[in-house]
Visitor: 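This structure is in structure tokens; I'll ask about it shortly.
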Amino acid sequence: MKKFLKNKAVQSILAALLCIIVGVLVGYIVLLLIEPKGAGEAITGVLKNFFSRKSAGLRTKELGNTLVKTMPLILCSLSILFAYKVGLFNIGAAGQYVIGAGACLYFALQLQLPWYICLLAAILAGALLAGISGLLKAYCNVNEVISGIMLNWISLYAVNALMAPFAPVGKKDTIEISAVNPGALLPRLGLDKLFNGNTKVTIALPITIIVAVLIWILLEKTKLGYELRATGLNKNAAKYCGMKEKRNIILTMLIAGALAGAAAGLYFLSGFKEWDINQSSVPGMGFNGIAGAFLGGLNPIGAIFSSFFIQHITDGGALNLNTQSYPPQIADLISAIIIYLCGFVLFFKMTMNRVIARSDERKLQKQKAVEANTEGGKK
Amino acid sequence: MDLLLQYTLVFTSVLTLVALGGCFSEHSGVINIGLEGIMVIGALGGSLVLKYMSAATPAIWVVLATVGVAIAAGVIYSLLLGVASITFKADQTLVGTAMNMLGVAAATVAVKSINIAETMGSNNSPKVIYSGVKDKLLMAPGTEYSWFLVFAVILLIASYIVLYKTKFGLRLQACGEHPQAAASVGINVVKMRYAGVMISGALGGLGGIVYITAGVSQWQFDVGVAGFGFLSLAVMIFGQWKPVRIVLAALLFGLFRALGSVYTGFDFLNNLNIPKSVYNMLPYIVSLIVLALSSKRSRAPKAEGIPYDKGMR
């Protein structure tokens with residue numbers, strides 16, 4: 001049992017579960033405060049999401065919807081955790097996602113190019129934006145959090161302006177890709193049939209999972225990954241060992257930005273949603289990625305499951321809450337609380353290790369005492 | 001021109017207040033990325049007071065009650081950062097980011113719930129309307145000069161004196177430079193850091209209510225405070241963590257932000273035909289450039305962002 005608890009993966013999962021339980025509990029209390037009657041039903045609705053649908057067909061279709069939105073979230077989580085492993089907090093993922101969306105939609109709607117070029121455009125745009133943060137960090141000592149936040153807002157307004165001509169007069173959303181350039185939509189390869197004909201389910205699913213595994217391999221099994229993590233643990237030590245810490249910072253940001261850009265590309269090229277040219281706050285996808293990254297214990301594979309959970313409750317809030325009595329943002333509140341609690345994870349693990357170590361020590365002392373006694377008896 | 005001056009002054013005072021808040025927190029050694037969230041919560045508290053005040057209340061009580069509640073809300077909310085990052089040694093950037101998201105989500109949920117309850121479910125907008133008593137906040141009717149400007153000036157002078165001329169301020173700064181050295185001469189680092197964070201909560205909360213009452217009499221809480229807390233952080237860095245420089249930096253940023261609000265009133269700017277989005281981007285672009293130029297010789301408190309560990313050398 002103790003050996004089991006000492007395992008790092010087990011500790012991460014336990015910590016994540018604890019965060020989720022406390023987060024959901026706080027959400028429930030808030031629901032109770034708003035309107036006690038129906039709060040129980042509301043919180044189960046949030047947690048159930050697609051399970052609330054009566055027919056199996058509708059359920060799989062809704063599951064497909066949640067999965068389509070989970071994929072960009074996984075990629076944003078990967079973007080954040082990758083940067084975090086190298087000691088960078090990529091809060092700019094939100095802006096890299098925005099600029100990626102702008103780039104792929106521009107290539108699809110204006111230049112009428114096929115999907116793989118649009119996707120590449122999104123990836124490059126995200127990488128370039130993150131590269132600015134990386135350059136500023138490496139050469140001008142500008143904190144990547146601050147530059148990332150500034151770039152978030154700049155890209156939001158820039159993409160709004162870029163997309164404005166593509167919105168029909170009087171509408172806030174851009175025209176659908178399928179109406180102008182169906183070739184820019186991601187191929188489905190029959191995946192839609194698995195989800196009861198949900199046409200939004202595309203190759204984005206397998207691509208995302210493969211990318212997550214690749215990121216895990218890159219971080220844990222390659223020399224570059226080792227160097228990057230070393231830079232994250234101690235920049236000066238890494239420099240002393242001959243690692244190019246400036247290059248590593250910029251490279252990390254480029255990869256993180258590419259991931260966030262890919263998130264936008266895979267999402268908007270699935271045709272699930274159009275760009276709203278009037279939005280006045282940066283889309284939450286990049287920020288929710290922070291929740292996904294930390295709840296997943298900063299592990300690429302963990303991020304897959306944690307991102308699914310975050311998207312699951314977000315959709316549950318939108319799908320099952322009666323907006324005449326509860327605001328659907330309750331789900332955002334829960335994910336924000338979960339991120340906050342993730343700050344305590346380190347403390348939680350430390351306490352757990354201390355408790356285990358102390359009981360180990362006590363056992364050892366007892367053993368010694370017993371041995372001493374028996375030795376004494378012999379004499 | 002007059003309008004530009006008014007808006008510049010209002011935005012400058014907001015940026016100054018919030019940047020000073022960040023200044024106190026960082027001088028004590030705690031990075032406060034959560035200022036945006038603190039502003040939202042302060043704005044929420046203050047605007048709810050305005051919403052429920054009757055129009056017959058004397059102006060002075062309106063101002064004092066609003067300020068008091070906004071400050072109290074900011075301080076209480078800032079304790080989330082204090083407890084996590086000081087007592088439990090959490091990652092300060094992570095906790096601050098969570099507080100920003102939590103602030104917007106909590107304010108949206110609160111305002112929507114209030115609107116739903118008031119209208120039996122027919123109105124679920126995240127909007128607080130406080131047009132009833134808003135005019136009482138103004139020093140001169142018809143302008144944007146509110147009594148809050150007076151608070152901003154007083155607090156600026158007070159901050160300067162506290163930081164440089166009092167025992168408390170110098171001890172606070174010591175905790176941000178070298179907490180172990182401070183502790184060795186008997187300063188309670190934990191207490192000082194809590195003080196720094198709570199002062200930043202008070203100033204951030206006040207900044208929030210000043211911001212949302214500038215020129216408008218209603219606020220959509222689902223957009224938070226539109227990145228103003230982050231702009232304040234940029235002001236603080238550009239101001240090199242020093243009150244007087246912070247005011248000058250705030251003036252520059254405030255001017256660009258005000259231009260975005262009132263540029264339509266200038267013929268020559270209108271004739272240039274620059275799209276509105278460029279004006280919206282301007283403060284952020286300027287701050288990015290300014291940061292790139294000024295961060296190299298950064299005077300940031302040395303120990304900021306590092307949880308206090310007694311045993312560390």
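Nothing here was measured: the structure is a model prediction, and the numbers come from that model. Lettering of chains follows the sequences in order, A, B, ..., and the numbering in each one begins at 1.
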Visitor: Check whether A:Phe287 gets within reach of chain B through its side chain, its backbone, both or neither, counting any heavy atom under 4.5 Å.
Guide: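 The answer is both parts of A:Phe287.
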Visitor: Do you know the tightest heavy-atom contact between B:Ser277 and A:Tyr157?
Guide: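 The answer is CB-O, 3.7 Å.
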Visitor: Minimum heavy-atom separation for B:Ala90 to A:Gly343, with atom names?
Guide: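 Closest pair (atom of B:Ala90, atom of A:Gly343, distance): CB-O, 3.1 Å.
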Visitor: Please round to the nearest 0.5 Å and tell me the distance separating atom CG of A:Leu151 and atom OH of B:Tyr284.
Guide: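 If I round to the nearest 0.5 Å, the distance is 12.0 Å.
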Visitor: For B:Thr93, which atoms come within 4.5 Å of any heavy atom of chain A: side chain, backbone, both, or neither?
Guide: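 Both parts, backbone and side chain.
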Visitor: Do A:Asn288 and B:Met101 have side chains that approach each other closer than 4.5 Å (heavy atoms only, starting at C-beta)?
Guide: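 Counting from C-beta outward, A:Asn288 and B:Met101 do come under 4.5 Å.
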Visitor: Between A:Phe347 and B:Phe88, what is the ring plane arrangement, given parallel below 30°, perpendicular above 60°, and tilted in between?
Guide: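 Rings of A:Phe347 and B:Phe88: perpendicular, over 60°.
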Visitor: What part of A:Ile337 gets within 4.5 angstrom of chain B, counting heavy atoms only: side chain, backbone, both, or neither?
Guide: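 Both parts, backbone and side chain.
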Visitor: Quick one, A:Pro327 and B:Thr108 - any side-chain contact, counting heavy atoms below 4.5 Å?
Guide: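 Side-chain contact under 4.5 Å: no.
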Visitor: Decide yes or no on side-chain contact (heavy atoms from CB on, under 4.5 Å) for A:Ile34 and B:Val109, but give the supporting numbers first.
Guide: CA-CA 9 Å; A:Ile34 295 171; B:Val109 166; 3.9 Å; yes
Visitor: Using heavy-atom distances under 4.5 Å, tell me whether A:Leu33 contacts chain B through its side chain, its backbone, both, or neither.
Guide: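 Neither part.
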Visitor: To the nearest 0.5 Å, how far apart are CG in B:Leu231 and CE in A:Met150?
Guide: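 Answer for the CG-CE pair, B:Leu231 versus A:Met150, is 5.0 Å.
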Visitor: Kindly compute the distance separating SG (A:Cys140) from CG (B:Leu291), expressed to the nearest 0.5 Å.
Guide: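 That separation rounds to 10.0 Å.
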Visitor: Please report the interatomic distance CG(A:Leu156) to CG(B:Asn280), rounded to the nearest 0.5 Å.
Guide: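 Rounded to the nearest 0.5 Å, the CG-CG separation comes to 9.0 Å.
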Visitor: Side chain, backbone, both or neither: which part of A:Val30 has an atom under 4.5 Å from a heavy atom of chain B?
Guide: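 The side chain, not the backbone.
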Visitor: Checking heavy atoms, do the side chain of A:Ser325, its backbone, both or neither come under 4.5 Å from chain B?
Guide: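 Answer is backbone: N, CA, C or O of A:Ser325 sit under 4.5 Å from chain B.
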Visitor: Can you tell me which portion of A:Ile91 sits under 4.5 Å from chain B's heavy atoms? Options are side chain, backbone, both or neither.
Guide: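 The answer is the side chain of A:Ile91.
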Visitor: With a 4.5 angstrom heavy-atom cut-off, which part of B:Leu94 approaches chain A: side chain, backbone, both or neither?
Guide: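 B:Leu94 touches chain A through backbone and side-chain heavy atoms alike.
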Visitor: Counting only heavy atoms closer than 4.5 Å, note whether A:Ile154 contacts chain B via side chain, backbone, both or neither.
Guide: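 When you check distances to chain B, atoms from both the backbone and side chain of A:Ile154 fall under 4.5 Å.
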Visitor: Are B:Thr97 and A:Phe89 close enough that some pair of their side-chain heavy atoms sits under 4.5 Å apart?
Guide: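 Answer yes - side chains close enough.
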Visitor: Does some side-chain heavy atom of A:Tyr340 sit less than 4.5 Å from a side-chain heavy atom of B:Val95?
Guide: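 SC-SC contact between B:Val95 and A:Tyr340 confirmed.
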Visitor: Is any side-chain heavy atom of A:Asn143 closer than 4.5 Å to one of B:Leu233?
Guide: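 B:Leu233 vs A:Asn143: side chains apart.
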Visitor: At a 4.5 Å cut-off on heavy atoms, which part of A:Ile149 comes close to chain B: side chain, backbone, both, or neither?
Guide: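 Just the side chain, heavy atoms under 4.5 Å.
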Visitor: With a 4.5 Å limit on heavy-atom distance, are the side chains of A:Tyr84 and B:Asp91 in contact?
Guide: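 A side-chain contact exists here, since the closest heavy-atom pair is under 4.5 Å.
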Visitor: Can you tell which part of A:Val142 gets under 4.5 Å to a heavy atom of chain B, answering side chain, backbone, both or neither?
Guide: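 It is both, since atoms from each part get that close.
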Visitor: Relative to chain A, which segment of B:Ile33 carries a heavy atom at a distance below 4.5 Å: side chain, backbone, both, or neither?
Guide: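 Just the side chain, heavy atoms under 4.5 Å.
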Visitor: Need one label for A:Ala164: side chain, backbone, both or neither, based on atoms under 4.5 Å from any heavy atom in chain B.
Guide: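 For A:Ala164, there is no contact with chain B at all, as no heavy atom is under 4.5 Å.
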Visitor: Quick one: CG on B:Leu288 to CH2 on A:Trp153, what's the gap to the nearest 0.5 Å?
Guide: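 B:Leu288 CG to A:Trp153 CH2: 15.0 Å, rounded to 0.5 Å.
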Visitor: Working to the nearest 0.5 Å, report the span between CD1 of A:Ile330 and NZ of B:Lys112.
Guide: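 Going from the CD1 atom of A:Ile330 to the NZ atom of B:Lys112 covers 11.0 Å.
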